[in-house]
Amino acid sequence: MSETSYEPNIVAFCCMHCAYAAADLAGSSRLQYPPFMKIIALPCTGRTDLGHLLRAFEDGADGVLVAGCLEGRCHYQVGNLYAKQRVNRIADLLKQIGLAPERVRMINISAGMGAKFAELANEFARDIQALGPTGLRKAAAGDAANAA
Ligand code: FES
């Protein structure tokens, strides 16, 4: 499989007040962002916890993006700051198990920044494509087959 044909599994946890709306704006403006990026809308990125982020990797994500409101603009005051702490914690955990910490990233964006969302999403996808698969998906599938 060549790097150019490799379509990674990317999960993007997007705050519905900002990044989700920005992704929608990017789409309606016909700006391209990776079709293989699975977007999950949340009321706030503060809703993510370590379990959600780790579970995404366990379920086969090669990269996890957390996209929240601009700092100081979270509708729940500090939800995006908590999310940033959790993303940093997951990056540390990935490093400890031998995976690149760059596989998880937090971005901050407003609802009107459709072009910026597309740019950052494409940049993240290129980085994950360069890193390749985590290998966790295959391992998880093997475990399931062995358990069956
Ligand atoms: Fe958007 Fe908190 S409401 S990150």
Side-chain angles (χ1 to χ4, degrees), residues 3-4 6-141 143-144:
E3 185 182 302
T4 51
Y6 162 57
E7 289 193 354
N9 281 318
I10 296 179
V11 176
F13 292 102
C14 294
C15 166
M16 66 183 189
H17 295 288
C18 54
Y20 190 77
D24 200 31
L25 178 60
S28 61
S29 304
R30 299 182 186 273
L31 297 167
Q32 299 264 322
Y33 65 88
F36 46 79
M37 183 173 276
K38 296 175 186 75
I39 293 186
I40 298 173
L42 299 173
C44 173
T45 53
R47 181 67 182 80
T48 57
D49 61 25
L50 295 177
H52 290 130
L53 301 175
L54 280 177
R55 183 67 191 265
F57 283 106
E58 284 174 4
D59 286 348
D62 300 309
V64 175
L65 188 67
V66 178
C69 297
L70 297 170
E71 291 193 10
R73 297 295 182 95
C74 173
H75 292 232
Y76 300 92
Q77 309 294 322
V78 291
N80 54 359
L81 301 181
Y82 287 136
K84 185 179 178 180
Q85 290 175 351
R86 292 170 193 143
V87 164
N88 290 339
R89 179 80 180 109
I90 294 297
D92 286 343
L93 288 172
L94 290 177
K95 205 169 163 182
Q96 286 174 28
I97 62 169
L99 292 174
E102 294 81 10
R103 288 184 183 278
V104 63
R105 183 174 299 169
M106 173 104 196
I107 62 171
N108 298 90
I109 204 156
S110 73
M113 297 167 75
K116 189 70 178 173
F117 178 86
E119 178 191 327
L120 294 174
N122 285 318
E123 184 181 288
F124 185 63
R126 277 194 302 274
D127 290 348
I128 299 303
Q129 280 176 315
L131 288 168
T134 62
L136 295 179
R137 184 173 15 161
K138 199 172 175 184
D143 289 348

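What you see below is based on every heavy atom in this structure, not just the backbone, and it leaves out hydrogens, waters and symmetry mates. The structure presented is a predicted model; accordingly, all values stated were derived computationally and were not measured. For ligands, and for the atoms within them, numbers begin at 1 and follow the listed sequence.
The residues Lys116 and Glu119 are annotated as salt-bridged, a charged nitrogen and a carboxylate oxygen being separated by less than 4.0 angstrom. Taking 4.0 Å as the cut-off between side-chain N and carboxylate O, Asp127 and Arg105 count as a salt-bridged pair.
Screening Ile107, Leu53, Val11 against Val66 for a side-chain contact (heavy atoms from CB on, under 4.5 Å) leaves a single residue, Leu53.
Screening residues 42-72 for ring-ring contact (aromatic ring centres under 6.0 Å, His included), with sequence neighbours left out, gives no hits.
Counting heavy atoms from C-beta on, the side chains of Pro43 and Cys15 never come closer than 4.5 Å. Within the 4.5 Å cutoff, the side chain of Val87 has no heavy atoms near those of the Ile90 side chain.
Protein N/O/S atoms closer than 2.8 Å to atom 2 (Fe) of ligand 1, listed by chain and residue number, are Cys44 SG, Cys74 SG.
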